[in-house]
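Keep in mind that this is a model prediction, so the values were computed, not measured.
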Amino acid sequence: FIFTYSNNSLVIDEGRVSHNEVTTVCDVVVRDQQGLQAKESFQLEVFKRNELPTWLSRPLLQAKQGETYSYQIKVQDAEDSLSDLTVRLIEHPPTMTVKTGGVVSWKPENKDVGEHKVTLEVIDTKGGAAQQSFAIVVENANDPPIIVSSPVKAAQVGALYIYRVWALDQDPTNTGDILDFEIDGP
């Protein structure tokens, strides 16, 4: 190891550390101008800096309402095996999950149509973390309209029967669906 002396401290020149982790005995000798000295011996443990996990996979940026979105995360870490890494959802739609094996899963509903920001974080056993941020655009799927009114279930012979049918389109307002009504009966 190469040491330098700075501000009353010994500093290891990090560029000269050639092993990932090593323990070595160090002797420090301090002398004054009259030749008197003090000596200290100690064991020094040198640890390699933690290398952060690296993202290898790229997420899918589009999803379709009603269909399961699935993204297999792929990361690498110089010091840890993949099974030792932890994946967390930092920012995400409420029903999105990370399953065992690093699979991000989500089934967007009608209310999820549009853009959603997602931030994932992978953490190694030494606390090193790397994030991946992206946006998923959920495409609308055509949903059937729903009838929200209740029919009058009694009618009188010879009298006018009126039932005002109210229906809603479940799709977002920008889809341009027009509802048509028809009656099938006597």
Check your understanding: Which residues pass the side chain to side chain donor-acceptor pair (under 3.5 Å) test with D77, sequence neighbours left out?
Key -> none
**Study point:** Set of residues satisfying salt bridge (Lys or Arg N to Asp or Glu O under 4.0 Å) with respect to E51, sequence neighbours excluded
**Key:** K48
Check your understanding: Which pairs with one or both residues in residues 83-107 pass ring-ring contact (aromatic ring centres under 6.0 Å, His included), sequence neighbours excluded?
Key -> W106-H116
Point to revise | For S83, side chain to side chain contact (heavy atoms under 4.5 Å, CB included) partners two or more places apart | key: S81
Practice item. State which residues pass side chain to side chain donor-acceptor pair (under 3.5 Å) with T86; sequence neighbours excluded, sorted by chain then number. Key: none
Check your understanding: Which residues pass the side chain to side chain contact (heavy atoms under 4.5 Å, CB included) test with D180, sequence neighbours left out?
Key -> none
Review point. Taking the hydrophobic residues Ile, Leu, Val, Met, Phe, Trp and Tyr, and joining any pair whose side-chain heavy atoms are under 4.5 Å apart, which ones share a cluster with I162?
Key: L160
Point to revise | Flag side-chain contact, heavy atom, 4.5 Å: L61 against V137 | key: no
Practice item. Report the residues that fulfil side chain to side chain donor-acceptor pair (under 3.5 Å) with E40, sequence neighbours left out, ordered by chain and then residue number. Key: none
Atom pairs and distances, donor-acceptor, side-chain atoms in residues 146-155, under 3.5 Å, two or more places apart:
unit_1, atom_1, unit_2, atom_2, d
S149, OG, Y163, OH, 2.9
S149, OG, W166, N, 3.0

Point to revise | Partner set under side chain to side chain contact (heavy atoms under 4.5 Å, CB included) for Q62, not counting sequence neighbours | key: none
**Study point:** All side chain to side chain donor-acceptor pair (under 3.5 Å) counterparts of T119, not counting sequence neighbours
**Key:** S133
Point to revise | P59 side chain near Y69 side chain, heavy-atom distance below 4.5 Å | key: yes
Practice item. Name all residues meeting the salt bridge (Lys or Arg N to Asp or Glu O under 4.0 Å) criterion together with E121; count only those two or more places apart in sequence or in a different chain, and write none if there are none. Key: R88
Exercise for review: Would you check if Y71 and L120 make a side-chain contact, meaning some heavy-atom pair closer than 4.5 Å?
Suggested key: yes
